[in-house]
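This one's a predicted model, so the numbers in the text were calculated from it and none came from an experiment.
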Amino acid sequence: MDYKDTLLLPKTGFSMRGNLPQNEPKRYTQWFNEDKAYEKMKTNRKNAEKKFILHDGPPYANGHIHIGHALNKILKDIIVKTHYFFGEEVRYVPGWDCHGLPIEQQVEKKIGKEKKESLPKSKIRELCREHARKFIDIQRDEFKALGVIGDWKNPYMTMKFEFEADIYRALCEVATKGLLIERSKPVYWSWAARTALAEAEVEYEDKEDYSIYVAYPLKDEAKKALEIEEDANVIIWTTTPWTLPANMAISFNPEEDYVLTTDGFIVAKALHESLLEQEVLKGEIKKTFKADILENLYAKSPLNGKDSKLILGEHVTMDGGSGCVHTAPGHGEEDYRVGLKYNIEVMMPVDERGCYDETVVREGLLPDPESFVNVHIFKANERILELLGDSLLKCSKFTHSYPFCWRTHKPVIYRATKQWFIAMDEETKGRDTLRQMATQNISKVKFYPESGINRLGSMIENRPDWCISRQRDWGVPIAFFRDKTTGEPIFDEKVMNYTAMIFEQRGADAWWDMEISELLYPGSGYNPENLEKVMDILDVWFDSGSTWKAVLESRVYDSGAYPASMYLEGSDQHRGWFQSSLLVSTAARGIAPYDKVLTHGFTVDAKGEKMSKSKGNVVAPNDIAKQYGVEILRLWVSLSEYTTDLKISNEILKQVSEQYRKIRNTCRFLLANSEGLKEILPYEKMGVLDRWILNHAKKVFDEVEACFKEYDFSKGFSLLSHFIAVELSGIYLDISKDRLYCNGEKENIRLSTQSATALITRRLLALIAPTLTYTVDEILEHAPAIIKEDMDDVFDMLYTQMDNIEVDFDAEYMMEAREKFFEIIDNLKKEKVIKSTLELVLVTTSEKVAKINSTDAEDWFTTSGIVSESTGEDMGSFKVGDDTFKIVKATENKCPRCWKFKSSEEEGLCKRCDEVLNA
RNA sequence: GGGCCUGUGGCUCAGGUGGUUAGAGCGCACCCCUGAUAAGGGUGAGGUCACAGGUUCAAGUCCUGUCAGGCCCA
């Protein structure tokens, strides 16, 4: 007779394999239908004690998403859900960054430069808007395909009218605090196109230039500092003679040695030899000194006799030239920076066409200055060389890589123009400086990982004033009026409020479309004739830096509150969004916009190298979803140490798939084994093995919970995986089979195991739900009532801690015994002496074993008995402490039903099975 | 070149304030089961803790330097 049918074998509709790539999209579609999942999450936690608000950092609305986006959004989703399944109210409103140069360039590429220039600004902006909208739709679908849940029905976009108005309002707040200033700063300038260029609009090409060494005589004070009477000249080197009229200073390296030569020249010691070889000078070293003794003294320009300040700068290198750097703050980024430090005026004698203007006359920058006015700078080089006369120590030509305009393909120049800045070090209206306030605010933020505070802190400490103006079309205008007669901007609150109101209704396009008279509120008292519009737009970092206001504070979004609980982005955003948001929020409100900042690293390939198209090691999220399933990608995120670089490759994904399979199958078995249970057995009626696993699970789950609450998912999942593989699947489920399969349906011994299984399953599912939301949802569909309770789907789940129950079971001792037992068993099996441990009986007088119920004890080792003495054939023995365990062959017969060797007669049922069948 | 960070078996990760033969899971090899079966179980082999110095009775753990990699600047 086949007794198989009399057993209570596992039964479940939950399949072993998930067919994730085929099945995931269907479930996701249901979740996102009418934002059902997100709405349910909001409803279920209404008025929860705690609230967690994740404020989304906006991706740029251009292109498809890559694996980095996927990591970012999945991690956000896991964190939001972690808070959710632990019982908190959550908010997550995703958003997009829409303005900025890359989109403008895409549009220009599409319609061509000529057409772009002929179209009205509002038309171009409309095309940019279309482009952004198209990619927002694409990316939104791609993010949803990753199972990321949020307010997809009403995401934020920085180009929405209300949003543009709020960005502008944030700017007004900064202005009102007195932190908005105008100053000249050099930018890339295409004289051919008469426009400022962004970094991305510059291409490098070869260009032939002069290489000249020029002598600048020291003034008396400087000579005195050097303790010399005779004349001495600082030698500078430059490739752009035309910038010499704007020379304001000479920079020395503060660390390096400088020398005075016998022929009266001053150069860096490290370069003296090379200058001798080039025959720039002939003298030997007469005196060595550090440049700080010359600091703030003067040399004289050989061109115009004006003072040139001697200053110190870290940017001065020893890899060429003379170690004494010609410094013209109007014509170079580094020159400008060091100039700021020494309070040096920005001289800018070149107009937008690249010609000298009246400045050269007014300031006397050249001899016979009138003859230079309207002369193009590149045509002035030769005349300037001539004017230098004997001061020109050496002149040659060479070819080097030089920035060119990407449209006109003409060389560009650095040219100082008026720009808008947010002042870092201005003490206005009785407040600390922005830098001080921001630094203080950082100290109140909790960083994950903690090193983030150093990174953001040192950036705030060292950054220059924030230049927020751009000379572009696709952005929020710096919409201020300027008084034509005084040149002063008008920061009148009523005027600004009215402008903001217009933007809210018509978008920022109004700034281009409407007349000044229309933009002023009726009865403002200003004369439109005497006003002009500032036509610069805002740096897009200011846009995203304002999202705390435009999203968290806005009534347009159900986004939670300001400040947010957390900002979460890649570590590159220390430079970007974390900083811009901190500065705008601190400037406007005096506080940081976030309580916590969490950063993740970048995705790299198996070798730890960055992904690039040229290397061909790029992994696309969609390919992973199609090959492995989104759950695998999500599990990869949870298993990875995200604070550092994250490696991803086929091998790694395969490994993650194995882990997923283990989790899935264990859950399957858990479901199958708790099937049919009506209610949880009271703890005091449970068997010792069941009490042991409950006790152990409690310890593990508590620890996992603590890890997850600190966002340490990889550690939490390691603990969980270990528990699932070793104690749960490896031991407990294996040793429970006899009790579950062979005993009667209503027997306590069976109900006890089922109860422990159900209690563990509920918590286990809630712990993995933030990561494997899809899988848990699928599990619940097939879960028996005792696990499912009144839940409709995964979103009804709530994690609760397990009860603490005591157990009189020395797990460490019993584990050791089990390990030693199986060491011997392995040999017995390999030697073909036995096939199954059920053929064996253990003989021991161990007190620790004696106090355990004998059925539980034999199940622990999966043997047919544990006795204190036996006459069976000796198969080996082992010791735990002082206790001896002897392994012997079972002397009774194999029960055809339960396979234990406990039957008194051949082919006869054992006592237990007999009772079960005849009950 | 500067700032921040990372480097433990094939893979993913543990290793408070330095202290026994460096741990785990996965993978791999071998074996068992066929009543979780495109599952389950057992045993085992894998590590110069990137490298080189130093501090110390003692260093994966502290210090210095080098190399490799990442992000951000210049």
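Residue-level contact check: A:Lys654 touches neither bases nor backbone, having no heavy atom under 4.0 Å from any strand. A:Lys829 comes within contact range of the sugar-phosphate backbone alone, with a heavy-atom separation under 4.0 Å but no base atom that close. Residue A:Lys835 is classed as a sugar-phosphate contact, given heavy-atom separations below 4.0 Å to backbone atoms only. Using a 4.0 Å heavy-atom criterion, one finds that A:Gly452 contacts no nucleic acid atom at all.
A:Ile834 has its CD1 atom 14 Å from the P atom of B:rG42, to the nearest Å. Between the CZ atom of A:Arg664 and the P atom of B:rA38 there is a distance of 13 Å, rounded to whole Å. Put simply, CH2 on A:Trp899 is 14 Å from C1' on B:rG41, counting in whole angstrom units. Distance, A:Ile663 CD1 to B:rC26 C1': 12 Å, rounded to whole Å.
A:Arg661 has a side-chain polar atom (N or O) that falls below the 4.0 Å cut-off from OP1 or OP2 of B:rG27. At the phosphate of B:rA36, OP1 or OP2 sits under 4.0 Å from a side-chain N or O atom of A:Lys737. At the phosphate of B:rA36, OP1 or OP2 sits under 4.0 Å from a side-chain N or O atom of A:Tyr741. The phosphate of B:rG69 has neither OP1 nor OP2 within less than 4.0 Å of any side-chain N or O from A:Lys607. For the pair A:Lys662 and B:rU12, the criterion of a side-chain N or O lying under 4.0 Å from OP1 or OP2 is not met. Neither OP1 nor OP2 of B:rA74 sits under 4.0 Å from any side-chain N or O of A:Arg463. Distances shown here put a side-chain N or O of A:Ser729 below 4.0 Å from the OP1 or OP2 atom of B:rG41. The side chain of A:Arg337 contributes an N or O atom lying less than 4.0 Å from OP1 or OP2 of B:rA74.
Side-chain contact, A:Asp97 with A:Ser544: no donor N or O sits under 3.5 Å from an acceptor N or O.
Ranking B:rA36, B:rG35, B:rG10 by closeness to the A:Leu733 side chain, first place goes to B:rA36. When each of B:rG44, B:rG70, B:rG35 is scored by its nearest atom to the side-chain atoms of A:Arg455, the top-ranked nucleotide is B:rG70. When the nucleotides B:rC13, B:rU6, B:rU12 are ranked by their closest atom to the side chain of A:Thr644, B:rU6 comes out on top. Distance from the side chain of A:Asn665 is smallest to B:rA39 among B:rG25, B:rG41, B:rA39. Ranking B:rU12, B:rG35, B:rG42 by closeness to the A:Lys4 side chain, first place goes to B:rG35.
Checked against the 6.0 Å centroid threshold, A:Phe708 and A:Phe717 count as a close aromatic pair. The aromatic ring centres of A:Tyr414 and A:Tyr188 sit less than 6.0 Å apart. Between A:Phe421 and A:Trp466, the distance from one ring center to the other does not fall under 6.0 angstrom.
Residues A:Ser15 and A:Glu778 come closest through the heavy atom pair OG-OE2, 4.3 Å.
Nucleotide B:rG53 is shown with an anti base, its glycosidic torsion being more than 90° from 0.
The aromatic ring of A:Phe669 stacks onto the base of B:rA36, its centre lying under 5.5 Å from the centre of the six-membered base ring with the two planes under 30° apart.
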